[in-house]
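Residue numbering restarts at 1 for every chain, and letters A, B, ... go by the order of the sequence lines.
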Amino acid sequence: MSENPNAPEKYNAAEVEPRWQSVWKARDVYRAHDDSDKPKFYALEMFPYPSGRIHMGHVRNYAMGDVVARYKKAQGFEVLHPMGWDSFGMPAENAAIATGGHPKDWTYNNIDEMRTPMQRLGFALDWSREFATSDVAYYKEQQRIFLKFWEKGLVYRKTAKVNWDPVDNTVLANEQVIDGKGWRSGAVVEQRDMDQWFYKITNYAEDLLKGLDGLDRWPEKVRTMQANWIGKSEGASIWFGFAENTETSSPKKELFDEALATDQDGGIEVFTTRPDTLFGASFLALSPDHPYSKWLANNLPEAEAFRAECAKIGTSEADIATAPKLGFDTGLRVKHPFVEGATLPVWIANFVLMGYGTGAVFGCPAHDQRDLDFARKYDLPVKAVVLPDGEDAATYDVGTEAYTGEGKLFNSGFLDGLNKSKGIKAAIHKITEMDFGESVTNYRLRDWGVSRQRYWGCPIPVIKCGDCGSVPVPEDQLPVELPYDISFEKPGNPLDHHPTWKSEGVTCPTCGKAAERETDTLDTFGDSSWYFAAFGGSLSADGMDWDAASKWLPVDQYVGGVEHAVLHLLYARFFTRGLIDCGLLDLSHSQFGGEPFAGLFTQGMVTHATYALADESIEKDSWVLPEDVDANDDGTFVHLPTGRPVIKGDIIKMSKSKKNVVDPNEIIQGYGADVARWFVLSDSPPERDVEWTESGVIGAWRFSKKVWNVVSDTTSAEGPLAVASDASGDALELRKLAHRALEKLTAGIEAFRFNTSVAQIYELTNALSKYKGQDAARMEALGILIRAIAPFMPHLAEECWSKVGGEDLVYHAPWPVVDPKMLVDDTITLPLQVNGKRRSELNIPKDMPKDEIEKLALADEAVQRSIGDATVRKIIVVPGRIVNIVAK
RNA sequence: GCGGCCGUGGUGGAAUUGGUAGACACGCAAGACUUAAAAUCUUGUUCCAGUAAUGGAGUGCGGGUUCGAUUCCCGCCGGCCGCACCA
């Protein structure tokens, strides 16, 4: 077996890729320069948690950002494309507890292990700006930010009911509780009263909501989710004063007569968005957790029993939403603010939430479905006060469907005849005038509780003094460093158990007396709320440059998973506003105001088929590795190591437990980084999931070889920047195809539709591999091709570029420019339709007049056949598009 | 329950403002090269009828607007995601 000396040189990714990576590194080409004259472009992907292994989801995420970064570089921008590690958090502690190691060692070993494959993928990253959020320098700056926020009134401490995760032994923010369970542990969350630090995100509720309007390069879906989360509602608070209990005699009456005697001015405040329907009110409803409900329960066994019954209903949201309406008549009555002498009964109702508004509502059954359900069940009056258009006031009846739409108010005293919005205004005006209430805007958004009873996080820089209370650690004493010598033997927070850290040598900065450190650490979502600024400011042990950070922000293109739509992205938007208000950041130059991310793209996951032994149920954990599965001829599957039958399960996100994980390292070794990158970007639209298949990888690998073969078959002495301006015949056709492909693939990158760019690259490659000429047209098309694949397969592109005599690096080559002359044809193919069905086509000069086109169309043989005996009624000629002949 | 997105060949998916449905790729089939295989190349591939020319149907289902609908409107069915009694 001898090598054919004429055989084309083989492309060897294992040799080529590291070689170019070392060239890039030696020339430091990916460094972003703060002082560049070029316009800036900040490309960022959500930085990874250092679990120790990279997975295909990372490859896809970073490959997308890399396409944008490299493309923008070619477009002449100064590109910042950094990488770091979101390295604080519970997995490190859990690993330490499980294996006896130290969270810090575990974390930094993982980072080292992940950095190597990440670099092997050849992303255009400025590694000089790398940091981990667990670096002392990083959390020192974060402590500074905490103190600045405190000065600005954005940090406070209070005892509050908190979400306690009994598995992770820590507090969770509202955003981190999903379906009543901890977002990470999945444990059912309990409510506890605890002393907590809070970030005052509610200060920015309105601004965070308004800011969404300007984010036109964010997915609509994410903006909607955030708006819903902030949950603004405008309405009024209304005071209902107590009235005398009208029951003749009952334990309830006695109770309230007693209470009224001591509290003459008592009453209940409700929140409503529909004060216009006040005349339709027929009851007041209190949350079971309302102070009056509790007071009543303490004094009346029936009420206590009712509260217990409400508490029995499950905690899952689905249970709560479908639970039947339950009520308890308290016997108490309140005065209607507008109707002299009228009173309303007060009920406790299970559907009223204590956590929103005032924990009490007035019920207007005709115009609120919940109130209607409740009223029907307990036989309370239903009085319509909004008349839908076209209904007759005398006969109108709401039945079982509450009417919440527009209409004219009636049965409503001074509000009669007004529409909904005018009615609301008039009602609020009157309430205010009577001093029964005022207009109020409510938000669902709560302040962000950030205390975590954990070790591996940013220490809260606070000293607790018996006399002075909570005192900030002076800035010159930062950082408050985490001790290394900790023990996880006792449950709970190791910082709290530490023999010396908490109190030894700790004195109050204000009074100098012995004091204690705060032992809670900050929620790690805080770490990821400003890291994008730290990259811009080149954070290092010497601190960071906030002015430089301000210049790089906002991030022009952010790429990450949609699972962060509310949590991370909302926190980061809040932090950026806080940093601006503290004077650390200045984004006055930005057209996006205080927004950190001008453009956001949420990419889909990488999925893979799952297989399970057929003689076990899928639930029983009988998953097998896809690589051990082979297909039989009859379409069934077999497990190769055991010969047992296998069934194919769902195609789902790669996960260790389902054994459908593909290790990027193996793909890189087998096929190269370019192939892995190309695969995750081809075929599926970026926002959708992409299914990993063996055949798909092989296809990507074949394609990379095909590109190389085209380059190997090239002997022309022209360089890749050739312009074949006098091309004709096949050469002209190739030029046209190349420029059309270029136009479309550029548009694809701009629109984040890389799969369509990929299709254009395929087409151009196919045309080139068939093209025989060794002329300027070939080189022009090839030059376009190489530069077009560079953002996707940078190593292959460099190798090709250098092989065909390209100067410098393809990374430094400008993006090819479309020649508009190549996009227009002298002759065009015009489809001919008869009654909307395509029957034939015409090849005609592009500027042929309409009447001539009509003549030719009617003369067409196939058209004639289709028209047959029918009479031509009309001919529609859309120039350059279509001809449609209407015949009947 | 409410809101949003989506539904196109065997598969992933294309398709400017409504204008040739199925680009491109995977898979499959046939062929070339080869002793053979792999690799590569060529051709074909929406479905039905037909050797073919050609004809008919066709973008989840049913209607509508239009000369013309994958695209716009109405009503269903199915899937995914978000919210979940927020007054």
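Scanning all heavy atoms of the two residues, the minimum distance from Ile828(A) to Gly880(A) falls at CD1-CA, 3.9 Å. Residues Gly423(A) and Leu409(A) come closest through the heavy atom pair CA-CD1, 3.7 Å. When all heavy atoms of Pro365(A) and Gly280(A) are compared, the pair lying nearest together is CD-O, 3.8 Å.
Across G13(B), A87(B), G12(B), the shortest atom-to-atom separation from the side chain of Arg688(A) is found for G13(B). Comparing atom distances between the Arg881(A) side chain and each of A15(B), G19(B), C81(B) picks out G19(B) as nearest. Minimum atom distance to the side chain of Asn884(A) is reached by C67(B), of the listed C67(B), U20(B), A87(B). For Arg370(A), taking side-chain heavy atoms from C-beta onward, the closest of the listed nucleotides A14(B), G55(B), A87(B) is A87(B). Comparing atom distances between the Thr273(A) side chain and each of A87(B), A23(B), A14(B) picks out A87(B) as nearest. Considering only side-chain atoms of Arg702(A), the nucleotide from G27(B), A87(B), G68(B) that sits closest is G27(B). For Ser684(A), the side-chain atoms get nearest to G12(B) when compared with the rest of U20(B), G12(B), A87(B). Residue Gln833(A) has its side chain nearest to A21(B) when only A87(B), A21(B), A14(B) are considered. Proximity note for Tyr762(A) (side chain, C-beta onward) versus A87(B), A14(B), A25(B): the nearest is A25(B). The side chain of Lys705(A) has A39(B) as its nearest neighbour among A14(B), C67(B), A39(B).
Following rounding to the nearest Å, His290(A) (NE2) and A87(B) (C1') show an atom-to-atom distance of 13 Å. Protein atom CG of Leu353(A) is 9 Å distant from nucleotide atom C1' of A87(B), rounded to whole Å. Computed from coordinates, the Gln760(A) CD to A15(B) C1' distance equals 12 Å when rounded to whole Å. C81(B) atom P lies 13 Å from atom CD of Glu563(A), rounded to whole Å. Separating the CH2 atom of Trp347(A) from the C1' atom of A87(B) is a distance of 18 Å, rounded to the nearest angstrom. One interatomic measurement links the two molecules: OH of Tyr671(A) to P of A39(B), which rounds to 11 Å at whole-angstrom precision. Here A23(B) presents its C1' atom at 13 Å from CG of Asp683(A), a figure rounded to the nearest Å. Protein atom CZ of Phe351(A) is 19 Å distant from nucleotide atom P of G1(B), rounded to whole Å.
Residue-level contact check: Val758(A) touches neither bases nor backbone, having no heavy atom under 4.0 Å from any strand. As judged by a 4.0 angstrom heavy-atom cut-off over every strand, Arg865(A) is placed among residues touching the sugar-phosphate backbone only. Within 4.0 Å (heavy atoms only), Arg753(A) reaches sugar-phosphate atoms of the nucleic acid but no base atom. Note on Lys232(A): nothing from the nucleic acid sits closer than 4.0 angstrom, heavy atoms only. The residue Ser695(A) sits close only to the backbone: its heavy atoms come under 4.0 Å of sugar-phosphate atoms, none of a base. Note on Val878(A): a base of the nucleic acid sits closer than 4.0 angstrom, heavy atoms only.
At G56(B), one or more side-chain N or O atoms of Arg839(A) fall inside 4.0 Å of OP1 or OP2 (strictly under the cut-off). Taking side-chain N and O atoms only, Asn766(A) has a distance below 4.0 Å to OP1 or OP2 of A25(B). Phosphate proximity of C86(B) to Arg446(A): absent, as no side-chain N or O sits under 4.0 Å from OP1 or OP2. Under 4.0 angstrom from either OP1 or OP2 of C24(B) there lies no side-chain N or O belonging to Lys744(A). The phosphate of A87(B) (OP1 or OP2) has a side-chain N or O of Ser233(A) nearer than 4.0 angstrom. Under 4.0 angstrom from either OP1 or OP2 of C86(B) there lies no side-chain N or O belonging to Asn442(A). Between G19(B) and Arg838(A), no contact under 4.0 Å exists linking OP1 or OP2 to a side-chain N or O.
In this entry A87(B) has no Watson-Crick or G-U wobble partner, no candidate having both defining distances under 3.5 Å. With both pairing distances under 3.5 Å, A23(B) is matched to nothing as a Watson-Crick or G-U wobble pair. With a cut-off of 3.5 Å on both pairing distances, the Watson-Crick or G-U wobble partner of A49(B) is U54(B). Across the strands present, U17(B) finds no partner; the criterion is a Watson-Crick or G-U wobble pair with both atom distances under 3.5 angstrom. Using N1 to N3 plus N6-O4 or O6-N4 for Watson-Crick, or N1-O2 and O6-N3 for G-U wobble, each under 3.5 Å, G62(B) pairs with C74(B). When Watson-Crick and G-U wobble pairs are counted only if both distances are under 3.5 Å, A69(B) pairs with no nucleotide at all. Partner assigned to C2(B) is G82(B), using Watson-Crick or G-U wobble distances below 3.5 angstrom. When both pairing distances are held under 3.5 Å, G31(B) makes a Watson-Crick or G-U pair with C41(B).
Comparing the P positions of G3(B) and A29(B) gives an interatomic distance of 49 Å, to the nearest angstrom. Separating the P atom of G10(B) from that of G60(B) is a span of 13 Å, rounded to the nearest Å. Rounded to whole Å, the C1' atom of U45(B) lies 46 Å from the corresponding atom of C83(B). The P atoms of U17(B) and U70(B) are separated by 16 Å, rounded to the nearest whole Å. Atom P of G58(B) sits at a distance of 23 Å from the matching atom of A52(B), rounded to the whole Å. U20(B) and C73(B) have their C1' atoms separated by 25 Å, with the value rounded to a whole Å. Remark: the separation of the C1' atoms in U8(B) and C47(B) is 14 Å, to the nearest Å. Taking atom P in both C61(B) and U71(B), one finds a spacing of 11 Å when rounded to whole Å.
Ion pairing between Arg307(A) and Asp289(A) holds under the 4.0 Å rule for side-chain N and carboxylate O. The pair Arg740(A)-Asp825(A) meets the salt-bridge criterion, since a charged nitrogen lies less than 4.0 angstrom from a carboxylate oxygen.
Other residues, nucleotides and ligands contribute only 12 or fewer heavy atoms inside 6.0 Å of the CH2 atom of Trp701(A). Within 6.0 Å of atom NZ in Lys232(A), more than 12 heavy atoms from other residues, nucleotides or ligands are found, so the atom counts as buried in its surroundings.
Relative orientation of the Tyr11(A) and Trp708(A) rings is tilted, given thresholds of 30° and 60° on the angle between their planes. Note on ring orientation: taking the six-membered ring where Trp is involved, the planes of Tyr292(A) and His290(A) are parallel (angle under 30°, cut-offs 30° and 60°).
Judged by atom type and distance alone, Arg274(A) does not reach the base of A87(B) through any side-chain donor-acceptor pair under 3.5 Å. For Lys325(A) and C85(B), a side-chain-to-base donor-acceptor distance below 3.5 Å is present, hydrogens and geometry of angles not being considered.
Look at G9(B): its glycosidic torsion is within 90° of 0, and that puts it in the syn range.
When each of Phe362(A), Phe374(A), Trp347(A) is tested with Phe283(A) by the rule ring-ring contact (aromatic ring centres under 6.0 Å, His included), just one qualifies, namely Phe374(A).
Where Thr829(A) and Phe271(A) each meet RNA chain B at their nearest nucleotide, the meeting point lying more 5' is that of Thr829(A).
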